[in-house]
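Note sheet for the following structure.
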Amino acid sequence: MSIISNSLKRIKPSPTIAVTQKARELRAAGKDVIGLGAGEPDFDTPENIKDAAIKAIKDGETKYTAVDGTPALKKAIVEKFKRENNLEYSTDQITVGTGGKQVLYNTFMATLNKGDEVIIPAPFWVSYPDMVLLAGGKPKKIRCDEKDGFKLTPKKLKSAISKKTKWLILNSPSNPTGAGYSKEEIENLATVLIKNKKIHILSDDIYEHIKYDNFNFFTIAQVSKLKDRTLTMNGVSKSYAMTGWRIGYAAGPKDIIKAIGKIQSQSTSNPSSVSQAAAVEALNGKQDFIQQRSDAFKERRDFVVKSLNSIKGISCLKPNGAFYVFPSCKKLLGKKTKLKTDSDFVEKLLEKANVAVVQGSAFGLDGYFRISYATSMEKLKVAMERIKSFCESL
Ligand code: PMP
Ligand code: GLU
């Protein structure tokens, strides 16, 4: 009998983390690999945030805190929702975890019974389906086509809903496509959801601040009729370049928030006290670098989209947020190139051209690949030349 549990056998390790690790190892072995796999900003955490963490250490904020977040951080989160999203919450509607990832994991663990369905628009962030599977739920992946900007339409949503649907996950701007839903698009989805009173909505807003071209960010809890059944997840990882600090949070119905805390009290307890102090400064401190960094990301996005579209066989939509693009490599698959799948394409690209990207199938849509352009322009320029030469050599 295997020592490994049956529930663990249902899932696989994170493919985005696997690609990032592979690129790291190849570089350590002396290979000149450019990693466009990692989903994290290349910028450093701003100085005022680092200073707040150092002060917290010196002031002795080094003990256990309340399991689901310090009063100071919960207050900063309440104010953030009011200031940026026009949403009112009390502190007992807020939970803080070790990254948005833990908050999502706890949510599914706390709410899913065997066979409960979670609607996941595809392409999706790699961890959603596996977290659902681990919790005993059933991921219901709904294919969202390039012609719809990779976004869920009300019609598709309607046909995906069943008696067993417990959650719908929305992620805007999206990982892996960068697509952002407009206010109108969210309201149109909300019209379907308002009629189905049992469904809860999990809004993953982690890329809220990384947006371009005057894209107006809007989160579904702002539709007042749905606020009572929406869990809005966010975090400091992407907006404040704090991936290593591991702070994420959510706001929503008190019973769900309490249940998430219960799991945390029996697993990891509080997120790091020092990181929480840093997150307070991130949310309350100056915000001007967010725009500066978005401007830098925009320049990279424009360059990457233009470069990719100049390559024969590759086509790429221009997204309005996050730091990913999701180009199609379908025209390069087939007998002529001897590449059958996007995974073959990605594997050969790494082997022959030393560029690491992630296959679209990992995100639930075959024939595409994800590029994270959260890296310097110099590296992006070399990477785009390598991708071009590689594609032209096929
Ligand atoms: N949601 C999405 C869509 C993400 O891309 C990530 C990044 N891995 C997360 C949630 C979780 O981020 P973190 O755990 O660093 O807060
Ligand atoms: N969100 C990032 C990515 O998609 C980080 C890695 C992960 O947690 O999946 O690459």
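Just so you know, these numbers use all the heavy atoms, side chains as well, and skip hydrogens, waters and symmetry mates. When a ligand or atom number is given, it counts from 1 through the structure's own listing order.
- For atom 8 (O) of ligand 2, the closest non-hydrogen atom on the protein side is Lys101 NZ, 2.8 Å.
- Taking distance alone, with nitrogen or oxygen atoms compared against 3.5 Å, Tyr128 stays at or beyond that limit from ligand 1.
- Using a non-hydrogen distance threshold of 4.0 Å, Gly235 does not register as a contact of ligand 1.
- Cation-pi geometry between Lys227 and Tyr89 is met: the NZ or CZ atom falls under 6.0 Å from the ring centre, inside 45° of the normal.
- The neighbour count for Gln266 CD, taken as heavy atoms of other residues, nucleotides or ligands under 6.0 Å away, does not exceed 12.
- Distances between N or O atoms of Thr98 and those of ligand 1 include no value under 3.5 Å.
- Distance from atom 7 (C) of ligand 1 to its nearest protein heavy atom, with residue and atom name: Lys238 NZ, 2.7 Å.
- The neighbour count for Asn309 CG, taken as heavy atoms of other residues, nucleotides or ligands under 6.0 Å away, is above 12.
- No N or O atom of Thr243 sits closer than 3.5 Å to an N or O atom of ligand 1.
- Other residues, nucleotides and ligands contribute more than 12 heavy atoms inside 6.0 Å of the CD atom of Glu392.
- Residue Lys50 places its NZ atom among more than 12 non-hydrogen atoms of other residues, nucleotides or ligands, all under 6.0 Å distant.
- Ser174 and Pro176 make their closest contact through OG-N, 3.6 Å (heavy atoms, listed as atom of the first residue, atom of the second, distance).
- Nearest to atom 5 (C) of ligand 2 by heavy-atom distance, out of Ser127, Gly37, Gly39, is Gly39.
- Counting atoms of ligand 1 from 1 in the listed order, those under 4.0 Å from a heavy atom of Asn171 are 3 (C).
- Within 6.0 Å of atom CZ in Phe217, more than 12 heavy atoms from other residues, nucleotides or ligands are found, so the atom counts as buried in its surroundings.
- In this structure, Arg246 is part of the shell of residues with a heavy atom less than 4.0 angstrom from ligand 1.
- Every atom of ligand 1 with a heavy atom of Gly99 under 4.0 Å away is listed here by number and element: 14 (O), 16 (O).
- Of all the atoms in ligand 2, the ones that sit under 4.0 Å from a non-hydrogen atom of Arg370 are 3 (C), 4 (O), 10 (O).
- Each of the following atoms of ligand 1 lies closer than 4.0 Å to a heavy atom of Asn175: 3 (C), 4 (C), 5 (O).
- With respect to Lys55 and Asp51, no salt bridge is recorded, no charged nitrogen being found less than 4.0 Å from a carboxylate O.
- Which of Tyr324, Trp125, Phe124 comes nearest to atom 11 (C) of ligand 1 through a heavy atom is settled by distance: it is Trp125.
- Residue Lys22 places its NZ atom among 12 or fewer non-hydrogen atoms of other residues, nucleotides or ligands, all under 6.0 Å distant.
- Of all the heavy atoms of Glu40, none lies under 4.0 Å from any atom of ligand 2, so neither backbone nor side chain is involved.
- Heavy-atom proximity to Ser14, at under 4.0 Å, picks out these atoms of ligand 2: 9 (O).
- Considering backbone and side-chain N/O atoms, Tyr207 comes within less than 3.5 Å of an N/O atom of ligand 1.
- Residue Ser237 places a heavy atom under 4.0 Å from ligand 1.
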Working for ring pair (Phe, Tyr, Trp, His ring centres under 6.0 Å), residues Tyr368 and Phe326: CA-CA 6 Å; Tyr368 295 83; Phe326 200 63; 5.2 Å; yes
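- Nearest protein neighbour of atom 1 (N) of ligand 2, counting heavy atoms only, is Lys238 NZ, 3.1 Å.
- With respect to atom 1 (N) of ligand 1, the closest heavy atom belonging to the protein is Asp204 OD2, 2.5 Å.
- Interface atoms of ligand 2 facing Asn175, defined by a heavy-atom separation under 4.0 Å, are 1 (N), 3 (C), 4 (O).
- Every atom of ligand 2 is numbered from 1 in the order shown, and the set under 4.0 Å from a heavy atom of Trp125 is 1 (N), 4 (O), 7 (C), 8 (O), 9 (O).
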- request: Please test Asn106 against Lys262 for side chain to side chain donor-acceptor pair (under 3.5 Å), starting from the C-alpha separation and ending with a verdict.
  value: CA-CA 9 Å; Asn106 288 348; Lys262 191 169 165 186; over 6 Å; no
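- The shortest contact between atom 16 (O) of ligand 1 and any protein heavy atom is with Gly100 N, 2.6 Å.
- When only non-hydrogen protein atoms are considered, atom 9 (O) of ligand 2 lies nearest to Thr16 OG1, 2.6 Å.
- A 6.0 Å sphere centred on NZ of Lys156 holds more than 12 heavy atoms belonging to other residues, nucleotides or ligands.
- The environment of NZ in Lys63 is sparse: at most 12 heavy-atom neighbours from other residues, nucleotides or ligands sit within 6.0 Å.
- Between Ile206 and ligand 1, no N or O atom pair is found at a separation short of 3.5 Å.
- Under a hydrophobic-cluster definition in which Ile, Leu, Val, Met, Phe, Trp and Tyr are linked whenever side-chain heavy atoms come within less than 4.5 Å, directly or via other members, Trp125 and Val358 are assigned to the same cluster.
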